[in-house]
Amino acid sequence: MSNTTRSAPALYGSEASTDEQRTALTSGEIPVAVYGLGKMGLPLASVYADVTGNVTGMDVDPAVVEGVNAGENHIVGEPGLSELVSEVVERGALSATTDGPAAAEAARIHVVIVPTLVDENSKPDLSVVESVMEQIASGLEAGDQVILESTVPPRTCRDVVAPLLAEESGLDREKFGVAFCPERTASGRAIEDIHGAYPKIVGGIDDESTRVAELIYGEINSQEIIPVSDATTAEAVKVFEGVYRDVNIALANELTKHAEELEISVLEAIQAANTQPFCDLHIPGAGVGGHCIPYYPHFLIQMFEADSRLMELSREINDTMPTYTAELALSGLTKHGKETEGSDVLVLGLTYRAGVDELRATPAVGVIERLTSAGANVTAVDPITDTHEPFEDVGAAVVSLDDARQRSYDAVVLVTAQEAFEDLEIPALAADDPLVVVDGRQALSELQNEHGIYYRGIGINA
Ligand SMILES: NC(=O)c1ccc[n+]([C@@H]2O[C@H](COP(=O)([O-])OP(=O)(O)OC[C@H]3O[C@@H](n4cnc5c(N)ncnc54)[C@H](O)[C@@H]3O)[C@@H](O)[C@H]2O)c1
Ligand SMILES: CC(=O)N[C@@H]1[C@@H](OP(=O)(O)OP(=O)(O)OC[C@H]2O[C@@H](n3ccc(=O)[nH]c3=O)[C@H](O)[C@@H]2O)O[C@H](CO)[C@@H](O)[C@@H]1O
């Protein structure tokens with residue numbers, strides 16, 4: 001079965017039957033390496049380990065590696081992940097290392113899911129992907145398959161990954177497989193999504209790479225595998241999904257301002273409009289954060305000549321929402337004769353969305369920045385994250401929820417609707433009448449007509 005000098009069989013270029021290849025994959029004969037054990041990587045490595053029985057996870061963070069080897073899960077808020085990590089490590093199906101070349105040397109399938117962000121000029125930063133690919137190249141053998149799951153600009157596999165692997169390994173490009181198989185997973189439901197909440201898109205730099213990717217994910221994803229023409233198409237699918245979301249959130253944010261002038265609830269109008277299948281209006285809010293949606297448009301805007309005015313304008317609109325949110329509070333204070341200078345404001349929620357400890361591009365920084373620039377004393381709280389610096393750097397005092405309850409405020413601004421806020425008695429936080437309440441996520445609408453509350457809800461009445 002093996003078509004290389006190594007003991008472990010390979011899939012790329014294999015002459016074995018499809019069933020024999022599937023059996024080799026699911027019996028643990030084919031070693032897999034997963035590079036990146038973060039919010040997406042650890043669930044992915046664990047599912048791969050559950051299916052194939054032979055996975056080495058690789059991460060540069062020694063604490064992550066040590067935790068995984070102890071059978072511990074360091075990702076909060078992923079149902080079933082702690083049990084799965086413990087089980088696959090216990091039975092020897094998953095182990096972890098910081099040694100990339102060693103992981104690459106042993107593996108025949110290499111799955112890369114490390115961060116792909118943008119630099120200070122919003123230009124995509126592929127440095128982490130490239131550094132991992134260099135390590136893979138050091139152990140790459142004919143017959144190996146390299147799978148990229150990190151979201152990247154289209155043409156990355158064709159023009160960056162495949163040439164780098166060939167150059168660094170000395171192998172001809174047709175001796176190994178490269179496929180882009182995007183991670184279509186949302187934090188908080190990773191295992192469910194990886195197993196097949198949606199079809200898995202796969203696209204290779206050649207037909208054999210696509211075939212091997214289709215075979216592998218046929219054992220991982222219970223829904224269906226959609227092979228597309230090539231890796232560039234698969235890369236575009238993922239970026240298009242993210243750009244679709246950013247543009248539609250921008251539309252919702254723009255419509256919420258029209259609704260304010262029309263004195264209607266945009267949320268009510270959106271929900272009614274979405275009752276027919278040709279409309280999928282998204283939800284307005286305090287801003288668009290995370291390390292996906294705010295970045296993916298730049299994977300097209302910055303990389304290609306084609307006209308991208310809609311994507312650029314959508315990014316601009318979404319990036320105005322944190323300031324818009326803060327100014328709802330400031331105008332509420334002014335309207336009731338309160339000075340913004342020296343006013344006490346509580347900001348609820350700091351992570352980019354509820355339940356996920358991720359602060360990249362979080363709208364909370366912009367909200368706090370605008371409030372403190374107007375002279376407000378900002379207290380901030382979010383039980384989900386222990387990272388306070390980004391908010392202290394823009395002038396907030398980050399406190400525990402219990403501490404926040406002990407104080408009184410002129411205004412409360414909800415940016416992220418953490419579950420812990422559900423039993424928070426907002427009116428009790430008032431320094432005096434009225435308390436200005438800005439609801440950035442349609443989570444406090446029951447306060448709209450509460451005595452002593454001046455309520456502005458994005459999507460509700462603002
Ligand atoms: N988080 C999501 O909801 C989501 C959804 C879909 C796709 N994605 C994509 O998945 C990729 C990874 O995202 P994530 O949320 O898991 O990121 P993350 O920041 O949670 O985890 C990244 C992990 O990679 C490790 N790492 C960094 N440099 C490394 C290197 N050189 N070698 C090995 N490991 C390294 C880090 O230590 C960390 O453990 C990104 O491309 C992202 O766009 C994320
Ligand atoms: C379609 C989908 O589920 N895709 C998921 C999504 O994951 P995500 O973790 O990035 O989270 P999102 O839900 O996209 O939120 C991003 C920010 O936008 C705000 N927001 C959201 C919806 C809205 O109507 N109005 C808003 O204002 C929200 O508060 C937050 O700040 O993208 C990943 C990469 O594409 C996918 O892989 C992943 O499957």
Side-chain angles (χ1 to χ4, degrees), residues 33-45 57-65 67-68 74-76 78 96-100 103-104 112-118 124-136 148-152 156 182-190 193-194 197-198 237-246 248-253 256 267 270 280-297 299 317-318 321-322 325 349 351-364 415-417 440-442 458-459:
V34 176
Y35 306 78
L37 298 176
K39 289 187 297 300
M40 292 297 112
L42 183 54
L44 186 65
M58 184 267 159
D59 201 291
V60 289
D61 185 337
V64 167
V65 167
V68 171
H74 66 282
I75 307 294
V76 294
E78 282 299 351
T97 179
T98 55
D99 186 342
V112 179
I113 181 143
V114 291
T116 44
L117 302 168
V118 295
D125 174 5
L126 295 178
S127 58
V128 177
V129 169
E130 289 168 335
S131 74
V132 172
M133 291 302 175
E134 280 160 13
Q135 296 187 20
I136 292 172
L148 181 55
E149 287 223 1
S150 301
T151 308
V152 290
T156 296
E183 186 51 71
R184 301 172 101 187
T185 303
S187 288
R189 40 174 294 154
D193 287 349
I194 292 165
Y198 320 111
V237 166
K238 179 62 184 175
V239 173
F240 288 5
E241 285 175 9
V243 168
Y244 169 86
R245 198 158 175 76
D246 197 46
N248 277 281
I249 295 168
L251 174 59
N253 286 330
T256 198
L267 211 58
I270 286 172
D280 179 23
L281 288 167
H282 287 31
I283 308 301
V288 177
H291 60 7
C292 296
I293 305 301
Y295 296 114
Y296 292 174
F299 289 11
I317 291 168
N318 288 334
M321 294 311 286
T325 303
T351 62
Y352 82 99
R353 74 176 166 90
V356 181
D357 184 7
E358 174 63 65
L359 302 179
R360 289 186 184 111
T362 180
V415 178
T416 305
R441 297 293 177 194
Q442 303 93 33
I458 293 179

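In each ligand, atom 1 is the first atom listed, and ligand 1 is the first ligand listed.
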### Query
Quick one: ring-ring contact (aromatic ring centres under 6.0 Å, His included) partners of His282, sequence neighbours excluded?
Tyr244
### Task
Assess whether side-chain hydrogen bond (donor to acceptor under 3.5 Å, both in side chains) is satisfied between Asp99 and Thr97, documenting all intermediate values.
CA-CA 5 Å; Asp99 186 342; Thr97 179; 5.3 Å; no
### Message
With heavy-atom distances below 4.5 Å as the criterion, would you say the side chains of Phe299 and Thr116 are in contact?
### Response
yes
### Task
Find out whether Val132 and Gln135 are in side-chain contact, i.e. whether some heavy atom of one side chain is under 4.5 Å from a heavy atom of the other.
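Answer no - side chains too far apart.
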### Task
Write out the protein residues near ligand 2, meaning a non-hydrogen atom under 4.0 Å from one of its atoms, in order of chain and number.
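Glu183, Thr185, Ala186, Lys238, Arg245, Ile249, His282, Ile283, Gly287, Val288, Gly289, Cys292, Ile293, Tyr296, Tyr352, Arg353, Arg441.
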### Message
So if I only count non-hydrogen atoms and take anything under 4.0 Å from ligand 1, which residues does that give, chain by chain?
### Response
Gly36, Leu37, Gly38, Lys39, Met40, Gly41, Met58, Asp59, Val60, Asp61, Ile113, Val114, Pro115, Thr116, Val128, Ser131, Val132, Ser150, Thr151, Glu183, Thr185, Ser187, Lys238, His291, Cys292, Tyr296, Arg360
#### Entry: Partner set under side-chain contact (heavy atoms from CB on, under 4.5 Å) for Val356, not counting sequence neighbours
Lys39, Ser187, Tyr352, Arg353, Glu358
### Query
Is a side-chain N or O of Asn253 found less than 3.5 angstrom from the main chain of Gly285, in a donor-acceptor match?
yes
### Message
Under a 3.5 Å distance rule, please check whether Glu78 uses its side chain to pair with a backbone N or O of Gly188 as donor and acceptor.
### Response
yes
### Query
Out of Thr151, Val243, Val152, which residue meets the side-chain contact (heavy atoms from CB on, under 4.5 Å) rule with Lys238?
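For Lys238, the side-chain contact (heavy atoms from CB on, under 4.5 Å) check succeeds only for Thr151.
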### Positive for side-chain contact (heavy atoms from CB on, under 4.5 Å) with Val34, one of Ile113, Asp59, Val112
Ile113
